[in-house]
Amino acid sequence: QVHLVESGGDSVQSGGSLRLSCAASIPVSIKYSGTCMAWFRQTPGKQREGVAAIDNTGHPKYADDAKGRFTVSQDNTKNTLYLQMNSLKLEDTATYSCAIFVVVPPVPGCPPDLLRHESFGYWGQGTQVTVSS
């Protein structure tokens with residue numbers, strides 16, 4: 001079973017920074033050609049929203065609110081996804097979860113929209129980010 005573990009969530013003041021990590025474990029029995037990973041966030045009563053993603057070629061994609069403030073990156077040797085969040089705002093307060101799509105041939109690549117939660121079947125438990133004034 002694919003397993004994801006997030007870390008790095010914390011309480012921080014507005015304008016501060018945090019770096020989230022997501023470590024993925026993929027069973028050796030799965031013969032995959034690549035991964036597509038993303039960060040989502042959710043607050044109570046609101047729908048889960050995509051924040052940033054990176055496809056199997058290393059190309060990043062960001063939600064409009066994340067552009068210029070957040071940077072998504074990946075360490076392929078460790079199957080770890082990162083999210084560097086700068087200039088945090090109160091409205092960034094949420095539970096942040098990572099998700100993964102494992103590319104198994106003959107599937108050619110990632111789903112077309114990696115900021116849609118429907119693109120992913122595996123999720124981590126989430127890590128809380130709280131931004132205060």
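Keep in mind that what you see is a predicted model, and the values were worked out from it rather than measured.
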**Message:** Going by the rule side chain to side chain donor-acceptor pair (under 3.5 Å), which residues pair with T95 if we only count those two or more places apart in sequence or in a different chain?
**Reply:**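 Checked T95 against side chain to side chain donor-acceptor pair (under 3.5 Å); matches are Q128.
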**Contacts of type side chain to side chain donor-acceptor pair (under 3.5 Å), residue D113, not counting sequence neighbours** =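 For D113, the residues satisfying side chain to side chain donor-acceptor pair (under 3.5 Å) (neighbours in sequence not counted) are K61.
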Side-chain donor or acceptor of [X] paired with backbone N/O of [Y] under 3.5 Å:
X	Y	answer
T93	V131	yes
Q84	R19	no
E6	L20	no

**Request:** Give the minimum heavy-atom separation between S133 and L90, together with the two atoms involved.
**Result:**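 Closest pair (atom of S133, atom of L90, distance): N-CD2, 3.5 Å.
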**Item:** Exercise: identify the closest heavy-atom pair between A63 and L115
**Value:**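 So the minimum-distance heavy-atom pair works out to N-CD1, 3.7 Å.
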To the nearest 0.5 angstrom, please state how far the [atom1] atom of [X] sits from the [atom2] atom of [Y].
X	Y	atom1	atom2	value
C98	L4	SG	CG	4.5 Å
S17	L88	OG	CG	6.0 Å
L18	T127	CG	OG1	9.0 Å
R41	S97	CZ	OG	12.0 Å

**Message:** Can you confirm whether S11 sits close enough to S132 that some side-chain heavy atom of one is under 4.5 Å from a side-chain heavy atom of the other?
**Reply:**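 Contact flag for S11/S132 side chains = no.
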Identify each donor-acceptor pair in which a side-chain atom of residues 68-75 lies under 3.5 Å from a protein atom, sequence neighbours left out, and give them as a table.
| residue | atom | partner | partner atom | Å |
| --- | --- | --- | --- | --- |
| R69 | NE | D65 | O | 3.2 |
| R69 | NH1 | S87 | O | 3.0 |
| R69 | NH1 | D92 | OD2 | 2.7 |
| R69 | NH2 | D65 | O | 3.1 |
| R69 | NH2 | D65 | OD2 | 3.2 |
| R69 | NH2 | D92 | OD1 | 3.0 |
| R69 | NH2 | D92 | OD2 | 3.4 |
| Q74 | NE2 | T35 | OG1 | 3.4 |
| D75 | OD1 | T77 | N | 3.0 |
| D75 | OD1 | T77 | OG1 | 2.5 |
| D75 | OD1 | K78 | N | 3.4 |

**Request:** Please step through side chain to side chain contact (heavy atoms under 4.5 Å, CB included) for the pair I100 and I26, ending with a clear verdict.
**Result:** CA-CA 10 Å; I100 189 169; I26 303 173; 4.0 Å; yes
**Request:** Any chance you could lay out the side chain to side chain contact (heavy atoms under 4.5 Å, CB included) test for N56 and S33, step after step, and finish with the verdict?
**Result:** CA-CA 9 Å; N56 58 328; S33 61; 5.6 Å; no
**Item:** Residues which pass salt bridge (Lys or Arg N to Asp or Glu O under 4.0 Å) with K46, listed by chain and number, not counting sequence neighbours
**Value:**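 In terms of salt bridge (Lys or Arg N to Asp or Glu O under 4.0 Å), with neighbours along the sequence ignored, K46 is linked to no residue.
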**Message:** Who clusters with F101? Use side-chain heavy atoms, under 4.5 angstrom, across I, L, V, M, F, W and Y, and order the result by chain and number.
**Reply:**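 In the cluster with F101 are F40, V103, V107, L114, F120, W123.
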Is there a path of hydrophobic side-chain contacts, each under 4.5 Å between heavy atoms, that joins [X] and [Y]?
X	Y	result
V129	W39	yes
V102	M37	yes
V5	I30	no
Y122	Y96	yes

With a 6.0 Å cut-off (strictly less than), is the heavy-atom count around [atom1] of [X], excluding the residue itself, greater than 12?
X	atom1	value
R116	CZ	no
E118	CD	yes
Q13	CD	no

**Asked** Taking only residues two or more places apart in sequence, or in another chain, which ones meet Y62 in a ring-ring contact (aromatic ring centres under 6.0 Å, His included)?
**Response**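 Not a single residue meets the ring-ring contact (aromatic ring centres under 6.0 Å, His included) criterion with Y62.
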